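These notes concern the structure reproduced below.
As the structure is a prediction and not an experimental result, all values here were calculated from the model. As a basis for the values below, the full set of heavy atoms in this structure was taken, side chains included, without hydrogen atoms, waters or symmetry mates. Chain letters run A, B, ... following the sequence lines, proteins first, then strands; residues in each count from 1.
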Amino acid sequence: MLNVDEQSYREKVYEIVRQIPVGKIMTYGQIADILGEGYTARTVGYVMNAASTQKVPWQRVINSQGGCSTSKMTTPHNLQQSLLEEEGVIFKNEKCDVKTYRWTPEGYEEEDDQPNLFG
DNA sequence: AACTTGACGAGGG
DNA sequence: CCCCTCGCCAAGT
């Protein structure tokens, strides 16, 4: 049994990434927000950099713009995008609709505090 | 221990 | 839409 609290900094990130279902995505900032305690979009991105060699669906983590930050980096052109397209994610101009594909792990539902304007 | 680098994000021009 | 600035925090030098 591995308690999240016993996991290393990176393992906590992997733990969430492993839960992302096929055809869905999460953003770095979203993951950082869920983990809270000292995590930021930037550090999550740092962790994901080394995730390509881990047992995690790293391709399902993209930036808040709906694009793959790996497009113009080390990885072959748009490997990440290709992998997501194979999962059913539709890309338009190298970007997908984050609103449509974003996923949130159960138990970490986004806080939707909408003021009761019409009380 | 100080400085620099990032698969980032929100804002402003 | 593109470019720049600031904030964020782990790792590498």
Side-chain angles (χ1 to χ4, degrees):
Chain A
M1 240 3 145
L2 295 172
N3 285 332
V4 179
D5 290 339
E6 294 297 319
Q7 306 281 33
S8 67
Y9 190 91
R10 298 181 183 213
E11 279 299 317
K12 290 187 180 181
V13 175
Y14 300 149
E15 191 61 36
I16 288 183
V17 176
R18 275 192 282 261
Q19 296 177 54
I20 307 176
V22 175
K24 288 291 184 179
I25 58 88
M26 283 186 82
T27 66
Y28 304 95
Q30 187 184 359
I31 293 173
D33 188 53
I34 289 173
L35 291 174
E37 334 161 6
Y39 286 82
T40 66
R42 218 161 171 121
T43 57
V44 170
Y46 180 83
V47 172
M48 292 312 295
N49 177 28
S52 54
T53 56
Q54 304 294 323
K55 297 288 191 289
V56 299
W58 60 273
Q59 72 273 24
R60 294 174 197 152
V61 183
I62 64 179
N63 59 41
S64 66
Q65 313 168 84
C68 305
S69 300
T70 56
S71 302
K72 46 196 289 190
M73 305 216 56
T74 59
T75 53
H77 22 267
N78 30 26
L79 171 63
Q80 180 170 21
Q81 182 177 315
S82 298
L83 290 172
L84 288 175
E85 290 178 324
E86 288 177 31
E87 298 186 355
V89 178
I90 306 301
F91 277 81
K92 183 70 175 181
N93 193 17
E94 295 188 327
K95 289 179 183 176
C96 71
D97 189 346
V98 179
K99 296 289 186 182
T100 299
Y101 300 108
R102 188 180 306 191
W103 177 80
T104 301
E106 295 175 23
Y108 290 109
E109 288 153 32
E110 301 178 74
E111 45 189 287
D112 45 323
D113 37 274
Q114 302 172 8
N116 219 348
L117 300 178
F118 300 93

Could you check whether any side-chain heavy atom of A/Q54 comes within less than 4.5 Å of a side-chain heavy atom of A/V17, counting everything from C-beta outward?
no
Measure [atom1]/[X] against [atom2]/[N] and give the value in whole Å, please.
X: A/I31; N: B/dG9; atom1: CD1; atom2: C1'; value: 14 Å
X: A/Q65; N: C/dC3; atom1: CD; atom2: P; value: 12 Å
X: A/E94; N: C/dC1; atom1: CD; atom2: P; value: 13 Å
X: A/M48; N: B/dT5; atom1: CE; atom2: P; value: 24 Å
X: A/L79; N: B/dA7; atom1: CG; atom2: P; value: 16 Å
X: A/K95; N: C/dC2; atom1: NZ; atom2: C1'; value: 10 Å
X: A/L35; N: C/dC9; atom1: CG; atom2: P; value: 13 Å
X: A/D33; N: C/dC8; atom1: CG; atom2: C1'; value: 13 Å

Of the non-hydrogen atoms in A/W103 and A/Q30, which two are nearest, and what is the gap between them?
O-NE2, 2.8 Å
Positive for side-chain contact (heavy atoms from CB on, under 4.5 Å) with A/C68, one of A/Q59, A/K95, A/E94, A/Q80:
A/Q80
Applying a strict under-4.5 Å side-chain criterion to I, L, V, M, F, W and Y, I'd like to know whether A/I90 and A/I62 cluster together.
yes
So if you build clusters from Ile, Leu, Val, Met, Phe, Trp, Tyr with side-chain heavy-atom gaps below 4.5 Å, do A/V22 and A/L79 land together?
no
Going by modelled atom types, is there a donor-acceptor pair between the base of C/dA10 and the side chain of A/Y46 at under 3.5 Å?
no
Among B/dA7, B/dG9, C/dA11, the one nearest A/S64 by side-chain distance:
B/dG9
Among B/dA7, B/dG9, C/dA10, which nucleotide sits nearest the side chain of A/Y9?
C/dA10
Check the phosphate of C/dA10 against A/R10, side-chain N and O only, distance under 4.0 Å to OP1 or OP2. Yes or no?
no
With a cut-off of less than 4.0 Å, is there a side-chain N or O of A/T40 near OP1 or OP2 of B/dG9?
no
May I ask you to say what A/T43 touches in the nucleic acid, namely base, sugar-phosphate or nothing, with a heavy-atom cut-off under 4.0 Å?
base
